[in-house]
2 protein chains.
Amino acid sequence: MESAAQTAVTPAQATAQADDRAFDDLAFDVFARNCPSRGALEHVTGRWGALTLGALHEGSLRFNELRRRVDGVSEKMLSQTLHALERDGLVHREAQPTNPPRVDYTLTPLGREVSERLLSLIVCVEERMEDVLRARARYDEARGAR
Amino acid sequence: MESAAQTAVTPAQATAQADDRAFDDLAFDVFARNCPSRGALEHVTGRWGALTLGALHEGSLRFNELRRRVDGVSEKMLSQTLHALERDGLVHREAQPTNPPRVDYTLTPLGREVSERLLSLIVCVEERMEDVLRARARYDEARGAR
DNA sequence: CTGCATCCCAACTGATACTG
DNA sequence: CAGTATCAGTTGGGATGCAG
């Protein structure tokens, strides 16, 4: 046997520590295939997820208010998106048993954390859109012209 | 002719000014349908776009290095993703006419700005993943149990 | 008003094979 | 190594109709 056993940390302990570190640092690495965080990230960054969270960042909204705010979303997709975000604990759904029914959607604390960063990204893209458009024009001229 | 011509600002000019303001403030609103920024945002936040930008944030990478880093991406999708990001001016492609060929992909300054915010979002989701998982468990128990 | 169920088409995706 | 081309399967997403 190697002399490793006489050190303060046995190989088994070292392995356990490494595993713990691996768990903390890598278990939810989005770059890894089949990692649950990849799915969660996709709910957040998906076409409608990002816009829905962005819209809710401004405050509580009802279903059809959201539908109008997120221009172009269908009933089906909005419903689907809200379910996914609610399940992930980013959005809180509060139904009032009135007639006609009224349902309010609000960001949870976790949802606000996420939407904060998301909105920063959205605003960044919007502000730099002219640069993007110029880059596209340059690219298309160089490539499409031939 | 109308007397509008004698005023300092003609109706046409007023309209033009309003349009300019609208252009500055709203032309790139991602919440509006058919806005070009929505497409750009989707390139950035798309399943592979986000991971590609995240990987490139750590430094320049070659095609197959990227493919390994972004676990699960196919050749085709990576190629497609890189083209879109290059066209939007977020990624710079540098091909060296050697044999075998060597192509390096790097973030542009604009790409770095975007990826910075994107990474903040990614890290946030990864760190809060346990909360998300707990929320899912609660949701499924309440809904799926019946 | 707030949804769910269904149908249906287009777009996305992924193997596979092939080129430079 | 760095892609492109093609084909087939799956999914995303919209329209419609209906229920609570």
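When reading the values below, keep in mind they use all heavy atoms of this one structure, side chains included, and skip hydrogens, waters and symmetry mates. A note on names: the letters A, B, ... follow the listed sequences, proteins ahead of strands, and every chain is numbered from 1.
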Inset, instruction - Would you indicate what A/R93 reaches in the nucleic acid, counting non-hydrogen atoms under 4.0 angstrom: base, sugar-phosphate, or nothing? - result: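 Sugar-phosphate contact only - A/R93 comes under 4.0 Å of backbone atoms but never of a base.
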Inset, instruction - Indicate, with a heavy-atom threshold strictly under 4.0 Å, whether A/Q80 touches base, sugar-phosphate, or nothing. - result: nothing
Within this structure, what is the [atom1]-to-[atom2] distance between [X] and [N], rounded to whole angstrom?
| X | N | atom1 | atom2 | value |
| --- | --- | --- | --- | --- |
| B/R47 | D/dG12 | CZ | P | 8 Å |
| A/M77 | C/dT2 | CE | P | 19 Å |
| A/N64 | C/dG3 | CG | C1' | 10 Å |
| B/H83 | C/dC12 | NE2 | C1' | 17 Å |
| A/K76 | D/dT16 | NZ | P | 14 Å |
| A/L51 | D/dG13 | CG | C1' | 15 Å |

Looking only at side-chain atoms of [X], point me to the closest of [options].
| X | options | result |
| --- | --- | --- |
| B/E75 | D/dG3, D/dG14, C/dC4 | D/dG3 |
| B/F63 | D/dG3, C/dT2, C/dG3 | D/dG3 |
| A/W48 | D/dG13, C/dG3, C/dT2 | D/dG13 |

Legend entry - Minimum-distance pair of heavy atoms, taken over all atoms of B/A55 and B/R69: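 Here B/A55 and B/R69 meet closest at CB-CG, 3.6 Å.
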Legend entry - Value rounded to 0.5 Å, distance of OG1 in A/T81 from CG in A/L66: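 Taking OG1 in A/T81 and CG in A/L66, the distance rounds to 10.0 Å.
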Inset, instruction - Check whether any side-chain heavy atom of B/E86 sits under 4.5 Å from a side-chain heavy atom of B/H92, and report yes or no. - result: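 Result no, sub-4.5 Å side-chain heavy-atom pair not found.
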Inset, instruction - For the residue pair A/L41 and B/R47, establish whether any side-chain heavy-atom pair is separated by less than 4.5 Å. - result: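 Sidechains of B/R47 and A/L41: no contact.
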Inset, instruction - For B/P101 and for A/P100, find the nucleotide of DNA chain C with the closest heavy atom, then tell me which residue's nucleotide is more 5'. - result: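 Going by which nucleotide is closer to the 5' end, it is A/P100.
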